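Since we're looking at a predicted model, the values are computed, not measured. All ligand and atom numbering here is 1-based and tracks the order in the structure.
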Amino acid sequence: MSTEKTLILVKPDGVRRQLVGEVISRIENKGYVITAMQMMQADRALLERHYTEHQGKPFFEPLVEFMMSGPIVAIVAEGNRVIEGFRSLAGVTDPTVAAPGTIRGDLARDQGTKVVQNIVHGSDSQESAAREIEIFFGK
Ligand code: IDP
Ligand code: MG
């Protein structure tokens, strides 16, 4: 079986709240291996590429603004079925209903903002992972 890779982002809310270590711990405690990581300030062009599937949706502009509101940490994690596994660790998109025990369920809540602030991003398929890793880390 070939080992899979996923792109994880600690979003600006996670960095502001000093949850980078907490997110890394959950990835590593699960047994996935971090093979690349960088803290960075994302610009509009990069985020429009990353979130291209959401262009035209009402939360798209608030999402881009939020993701530019402070530094993020981009991480590549590896392991068998890591794409599905990290999505499971993260919990569902809406932190109000994300299961306790998940990153979003334990660490985030509704802040009444136009965009849901939910600590982390994780790729949702092998195609997305390959595309997103190239956006953040190059080939
Ligand atoms: P995901 O991060 O769980 O994969 P996506 O549907 O890909 O969720 O949406 C990307 C991000 O956009 C979410 O993590 C969240 O921050 C924000 N978002 C998604 N849907 C909504 C919405 O209906 N209202 C506000 N923000 C949303
Ligand atoms: Mg998504």
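Ranking the protein heavy atoms by distance from atom 17 (C) of ligand 1 puts Val115 CG2, 3.8 Å first. At the shortest separation from atom 3 (O) of ligand 1 among protein heavy atoms lies Thr93 OG1, 2.6 Å. The protein non-hydrogen atom at the shortest distance from atom 9 (O) of ligand 1 is His54 NE2, 3.3 Å. Regarding atom 2 (O) of ligand 1, its nearest protein heavy-atom neighbour is Arg104 NH2, 3.1 Å. Regarding atom 22 (C) of ligand 1, its nearest protein heavy-atom neighbour is Phe59 CD2, 3.5 Å. For atom 25 (C) of ligand 1, the closest non-hydrogen atom on the protein side is Lys114 O, 3.3 Å. Among all non-hydrogen protein atoms, the one lying nearest atom 4 (O) of ligand 1 is Arg87 NH1, 2.7 Å. The nearest protein atom to atom 26 (N) of ligand 1, hydrogens excluded, is given as Val116 N, 3.1 Å; this is a heavy-atom distance.
Shortest non-hydrogen contact noted between Phe60 and Glu48 is CZ-CG, 3.9 Å.
At a heavy-atom distance under 4.0 Å, only side-chain atoms of Asn118, from C-beta outward, approach ligand 1. Contacts of Met67 with ligand 1, taken as heavy-atom pairs under 4.0 Å, are absent altogether.
Neither side chain, Asn29 nor Ser25, offers a donor N or O lying under 3.5 Å from an acceptor on the other. If you check the side chains of Arg16 and Ser69, you find a donor sitting under 3.5 Å from an acceptor.
Atom CE of Met67 and atom CD1 of Ile72 lie 4.5 Å apart (nearest 0.5 Å).
Residue contacts with ligand 1 leave out Lys57, since none of its heavy atoms falls under 4.0 Å from the ligand.
Distance alone, capped at 3.5 Å, is enough to place a donor-acceptor pair between the Gln41 side chain and the Met68 backbone.
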I would like to know whether Thr3 and Glu78 meet side-chain hydrogen bond (donor to acceptor under 3.5 Å, both in side chains); could you show each step before the answer? CA-CA 7 Å; Thr3 291; Glu78 291 194 24; 5.5 Å; no
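Arg81 has a carboxylate O that lies under 4.0 Å from a charged side-chain N of Glu84, or vice versa, which qualifies the two as a salt bridge.
Note: an N/O pair closer than 3.5 Å links Lys11 and ligand 1 by distance alone.
A side chain to side chain donor-acceptor pair (under 3.5 Å) check over residues 97-108, counting only residues at least two apart or in different chains, returns the pairs Arg26-Asp106.
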